[in-house]
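For reference, the structure is listed below as structure tokens.
Residue indices begin at 1 and follow the sequence shown.
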Amino acid sequence: MIRAKQISNLSSSARSFFLGGTRSSAADGNSCTSTEDESCVLRRHQTRSEAVQTGNRVSNILPVIEHFTRPSPLPLHVSPPVLPVKPDPVNHKIPLSDGTEVCMVDPVKSSNVKAIGSEHLGEVYTTSASKDSSEEVQINASPGTKQASSDVSTTTTVSGKRKNMPQRSNNVHSRDGRKTNSSVEGFSDPSGEMMRVTPALKQYCNSGYVVENVSSILRRFKWGPAAEEALHNSGFKMDAFQANQVLKQMDNYANALGFFYWLKRQPGFKHDGHTYTTMVGNLGRAKQFGEINKLLNEMVRDGCQPNTVTYNRLIHSYGRANYLKEAMNVFSQMQEAGCEPDRVTYCTLIDIHAKAGFLDIAMDMYQRMQAAGLSPDTFTYSVIINCLGKAGHLPAAHSLFCEMVDQRCTPSLVTFNIMIALHAKARNYQSALKLYRDMKCAGFQPDKVTYSIVMEVLGHCGFLEEAEAVFTEMQCKNWVPDEHVYGLLVDLWGKAGNVEKAWQWYQAMLHAGLRPNVPTCNSLLSTLLRGHRLSEAYNLLQSMLALGLQSSLQTYTLLLSCCTDARSNFDLGFCGQLMAVSGHPAHMFLLKMPPAGSDGQKVRDHVSNFLDYMHSEDRESKRGLIDAVVEFLHKSGLKEEAGSVWEVAAVKNVYPDALTEKSCSYWLINLHVMSEGTAVTALSRTLAWFRKQMLVSGECPSRIDIVTGWGRRSRVTGTSMVRQAVEDLLNVFNFPFFTENGNSGCFVGCGEPLKNWLGESYVERMHLL
């Protein structure tokens with residue numbers, strides 16, 4: 001379940017750290033399946049049947065069943081799984097390769113997080129650390145969970161659905177000298193009417209009473225005349241402070257905007273910088289950038305100048321929507337306006353660029369932050385460590401973790417959770433368990449995020465009953481499992497091929513009163529598709545729609561990959577029906593794919609427009625879809641179209657690591673994260689590009705490394721469908737490759753033989769084989 005997408009969501013945007021973050025919802029659409037451990041889709045070793053050879057257009061390949069009868073529904077009543085009593089996770093130990101044993105969950109008196117001490121770090125690491133960093137970090141437990149202490153912060157998500165993130169507490173001093181907690185700070189009060197917390201307890205309580213009642217009214221009504229009348233009849237008089245508290249609780253931008261402008265019309269009321277900034281954040285979450293620009297103009301006209309916090313909200317909003325250029329423009333504008341970037345600014349920019357695959361820009365921002373005199377704190381180190389880990393630089397991430405301790409900057413529970421999750425994603429399960437022990441030796445007790453990661457590690461090691469025992473232990477420590485924890489167990493049992501257990505945990509989630517999210521449904525859907533249980537998959541899709549869940553890119557990717565591997569015309573039609581039922585825009589994109597024509601430009605324009613439309617989707621999700629589309633087209637015989645789709649995806653940075661120049665004229669083609677059809681297409685078009693560049697400039701690469709690894713779908717070390725497909729292609733075209741140092745997963749071409757081979761005309765048309 002831990003995968004690139006999910007690790008990226010450990011820090012889906014640095015701004016989420018400061019704002020408290022939200023757990024992944026149905027809208028996120030993150031698949032619970034692992035793109036690194038195994039395919040999240042049905043993959044057959046046999047080739048497509050004759051079903052794919054019915055025409056040269058996508059619409060001809062996806063027939064529709066005229067008389068589609070709904071299959072029998074899934075069982076409606078399944079008893080929740082019986083949780084194991086033994087092995088006891090408190091005493092259960094797992095042997096490591098060095099002969100030692102790891103005790104998974106030690107008995108603890110309290111799940112409160114302790115402040116880490118330098119003496120504990122000295123026992124765990126050779127480095128030392130003393131006091132906590134000056135920036136306080138808190139843990140925000142989700143509703144119904146035990147509240148942890150305030151020196152660490154985490155939202156209840158790991159690997160895409162459970163984010164663990166540092167949080168900053170923003171302490172605002174009122175005019176009477178009292179210190180209050182607020183999400184924004186640093187505004188001046190030009191009007192002299194800024195709300196402050198008065199010393200009188202009664203007045204303070206009345207303020208909270210007003211906020212709660214107004215919020216209750218706004219939750220009951222969609223914004224309109226009825227909501228306005230209810231607010232008018234309530235008789236409450238609000239000031240800017242109370243209005244800001246209400247706005248922070250509103251998750252519907254249209255309702256929030258209506259309330260904002262209603263307040264503006266009330267006699268004696270005047271918005272301040274806090275309310276404007278909160279409203280900017282609300283609009284930013286909804287990607288309403290036109291409304292944001294209008295609001296900023298009104299803000300200036302009302303005498304409230306945007307400050308660093310406002311600009312940080314803007315950068316975060318553009319970043320989460322994947323508009324990196326606009327985020328950098330805001331960064332420049334804030335400096336031109338005289339607002340100095342702070343740690344929040346730099347960490348947000350670092351995070352959004354790392355998430356999008358631009359690690360070089362992220363690290364440049366890190367250096368600029370240090371040059372500005374902003375020394376890294378616990379929060380900053382956690383962001384950078386996460387960035388390096390997401391980019392696959394785990395040794396560098398671990399090195400920075402040790403440097404953090406050397407610099408006497410105390411790691412938080414969040415930092416440990418990130419490191420454990422990164423090792424788990426890299427399949428370094430023993431290292432992850434060791435780090436878990438080190439964390440506890442340093443004085444930390446696991447929280448819900450930690451328990452989830454440990455459960456996942458156990459599941460990937462094959463200890464599924466022990467993972468269930470950790471679930472029980474987690475409940476005993478008064479941590480209430482949420483839908484993401486249940487989804488994890490659905491995913492683990494599904495990957496193990498046990499459909500019944502996966503279904504039981506899905507039902508247990510429903511019995512617990514939790515609403516399943518799209519990632520959990522995707523996990524169960526993947527399990528059903530792998531088991532070729534298409535009728536149950538149909539019913540699951542229907543139940544998703546009944547629950548108001550919208551199919552995600554991952555949902556459609558699963559269905560398209562299943563369609564690619566259809567074994568009969570009936571299965572092909574059934575899968576086509578499932579894709580249509582999903583209602584995802586990707587289906588119309590595929591059906592309306594134009595023919596390649598003489599130069600493929602129509603296909604490239606079609607793909608470019610679709611990727612622009614899906615701009616705000618995360619890169620991992622887009623990569624999964626493009627991989628499935630190219631694979632489908634390739635195996636369907638539409639290889640010109642497949643090549644054009646790949647070319648656009650490469651230009652759009654969907655595969656940022658597919659081609660890198662290691663040194664002058666020394667190139668690396670990285671195919672190990674692709675399916676076999678996509679890998680063959682990518683390799684063919686990349687080699688054709690090298691030939692074109694050589695003919696134009698006269699310069700030829702001195703060396704090309706083609707990395708296949710063991711492949712995404714390898715189940716046995718040394719075997720890979722990707723590697724075999726690439727080797728077959730190279731052999732057919734007599735590519736002068738060799739392997740070195742016993743690395744059979746990397747093909748090397750260099751020198752004069754490579755130059756002569758690139759001069760052959762057939763290199764341009766390799767992808768059509």
So, N307 side chain and V309 main chain: donor-acceptor pair closer than 3.5 Å or not? yes

Only pairs at least two apart or in different chains count here, so list each side-chain hydrogen bond (donor to acceptor under 3.5 Å, both in side chains) that has a residue in residues 225-237. none

To the nearest 0.5 Å, tell me how far M328 CE sits from I352 CD1. 8.5 Å

Between Y261 and W223, ring centroids under 6.0 Å: no

Between T275 and N244, a side-chain donor and acceptor under 3.5 Å: no

Any side-chain heavy atom of E298 within less than 4.5 Å of one from Y276? yes

N417 side chain to I420 main-chain N or O, any donor-acceptor pair under 3.5 Å? no

Closest approach of T378 and S382, non-hydrogen atoms and distance? O-OG, 2.8 Å

Will you find, in the side chains of Q554 and S621, an N or O donor that is under 3.5 Å from an N or O acceptor? yes

State whether a side-chain donor-acceptor pair under 3.5 Å links R220 with S216. yes

Quick one: do the T415 and S412 side chains pair a donor with an acceptor below 3.5 Å? yes

Counting only N and O atoms by type, is there a donor-acceptor contact under 3.5 Å from the side chain of N322 to the main-chain atoms of A356? no

Anything under 30° is parallel, anything over 60° is perpendicular, the rest tilted; go ahead and classify F269 against H271. perpendicular

Backbone N/O of D239 and side chain of Q242: donor-acceptor pair under 3.5 Å: yes

Can you name the closest pair of heavy atoms from P516 and M509 and give their distance? CB-CE, 3.3 Å

Acceptor/donor pairs from residues 288-297 side chains to any protein atom, 3.5 angstrom cut, sequence neighbours excluded:
residue, atom, partner, partner atom, Å
Q288, NE2, A286, O, 3.3
E291, OE2, K294, NZ, 3.4
N293, ND2, F289, O, 3.3
N297, ND2, N293, O, 3.3

Spatial distance of atom CG (L489) from atom CD (E456) [nearest 0.5 Å]: 10.0 Å

Heavy atoms of D377 and C409 approach each other most closely as C-SG, 3.4 Å

On a heavy-atom basis, the closest approach of P376 and Y381 is CB-CE1, 3.6 Å

For S317 and G284 the tightest heavy-atom approach is OG-CA, 3.2 Å

